[in-house]
Amino acid sequence: MSEKEMHTDTEEDYRFLHSMLVEKKLHLLFKVRNVLLCVHDAIAQRDFDPSLPPAPDDALEEEDGAFKIVSLVKTKEPLGMTIRRNETTGAVVVARILRGGAADKSDLIHEGDELKEVNGVLLKNRKPEEILSILAQSPDSVTFTIIPAFAEESTSPCERKVQKETNVYPDRDPAVPCRDAALSFKRGEILQIVCMEDVNWWQACHLKDSSGRGGLIPSQQLQERDAKNRQRLVVLAGPNGVGLNELKKRLLLSDPDRFGVSVSRKSDCSQFHVHVCLLFIEYWRYKDHYYGTSLDSIHEVIAQGKVCLLDVHPSVSHVYTCGFKPYVVFVKPPCIEELRLTRRRAKSIRDKEDTTPTHIFAEEDFKDMIHMAEIMENQHGHLFDKVIVNGDMAVGLRELKADIERMLKAEVQWIPVVFWLH
Ligand SMILES: Nc1ncnc2c1ncn2[C@@H]1O[C@H](COP(=O)(O)OP(=O)(O)OP(=O)(O)O)[C@@H](O)[C@H]1O
């Protein structure tokens, strides 16, 4: 490039720069930029974290020893801890921290910590419901005054993936420490166990749940203990006329040493109402009398080492409320064509007092039976451990027997998911 050319280029550059610098638009741009920078600085100096209340300085007396104040901002997320009250001292203590919950994520509250105050309210001797209402009333944040438990080395969470052969509903278990903290799951669903520190209640989360929040599930040990109760009461449920009695009778005859049935009792209305909920697993009224299956009669059968068979029409849920954990088999009618074929000679007993079978099934009865079965499945399907179709009686009975055998033999255990272990 020649010297002249260079000179010309420089002049052109100069003219270009000059015209740009005197251009009004550029000045405007600079002004806008300055405004933006000012706004940025103003925002940067402000604190957008949710403001937490100042720590109370008269919170605790010195005699309470070391304490700490923890404020957690309330979100839609559950707090994720359960509490219990020491019946001797009245102290309210953190019973467990649910993995992945707000308390766990904060890493400021730990199992065994004593909760002295919530939002300045002393908790000693308060009932859990009162504490829950204090927590619910606190607006944006909850401030705990805590006496920390003796700090233990935190162990890394034991993580296993497991699945279960039957549906499990810990929230219906009367022994669960906190119903809201329980985790229900269905047969075959894979769970990740995140904490096995408690002997009775482990913590697990659904594998597909990305929140990683743990819930309570019964431990292997608890399951085994429950199983002893559970295996001894088999409930056959189904719509009227489907064949529950027939199946029960045939099971009993097939192995009287193994199976037993509870005896129904009859009593008049006045006596019956007194203890109906406490003493009877189910009852029905006919004319002026009540009939029911007493809990005692079930215990008697179980005490003989037998499996107690019980049939219920059409509701099932009540059998869960009386301390038993029954194995529930839903007996379903086959399709209407098969009902017509198989029930040609069948008669049903409609009169509980007159047990002579008199009524031959009509078309309407079949339709009612199928309709009622659908309703039952919709309402109580989640409670059924097994569903069998009672079309051909021999086939239905065989299936039922095999299933009860399998259930009795089944070792109650969590099944580790193989791919996880490798
Ligand atoms: N699979 C079947 N094939 C043919 N007949 C059947 C079958 N299952 C049941 N039955 C007959 O149907 C009638 C009604 O059965 P069962 O009494 O056992 O019904 P249930 O479910 O106990 O209802 P309910 O309490 O109303 O009597 C009986 O005569 C029984 O023998």
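Order of appearance sets the numbers: ligands from 1, and atoms from 1 within every ligand.
When only interatomic distances are considered, the shortest N/O to N/O separation between Leu247 and ligand 1 does not fall below 3.5 Å. For Asp392, no nitrogen or oxygen atom sits less than 3.5 Å from a nitrogen or oxygen atom of ligand 1, counting backbone and side chain alike. Polar contact check, Phe361 against ligand 1: no nitrogen or oxygen pair lies under 3.5 Å apart.
A distance of 11.0 Å separates CG in Leu244 from CG in Leu309, rounded to the nearest 0.5 Å.
In this structure, of Arg343, Arg344, Met369, Arg345, the residue bringing a heavy atom nearest to atom 7 (C) of ligand 1 is Arg343.
Atoms of ligand 1 lying under 4.0 Å from any heavy atom of Glu246, numbered from 1 in the order shown and given with element: 18 (O), 30 (C), 31 (O). Per-residue contacts place Gly391 under 4.0 angstrom from the following atoms of ligand 1 (heavy atoms of the residue considered): 1 (N), 2 (C), 3 (N).
Using modelled atom types, one finds no donor on one side chain facing an acceptor on the other under 3.5 Å when comparing Ser71 with Ser141.
Evaluation of the ring pair (Phe, Tyr, Trp, His ring centres under 6.0 Å) rule for Phe366 yields Phe361 as partners, not counting sequence neighbours.
Scanning both residues, Asp257 and Lys306, for their nearest heavy atoms gives O-CG, 3.5 Å.
Gly241 counts as a contact of ligand 1, since one of its heavy atoms falls under 4.0 Å from the ligand.
A salt bridge links Arg250 with Glu246: at least one charged nitrogen is closer than 4.0 Å to a carboxylate oxygen.
Among residues at least two apart or in separate chains, salt bridge (charged side-chain N to carboxylate O under 4.0 Å, His left out) pairs with a member in residues 371-384 are Lys332-Glu377.
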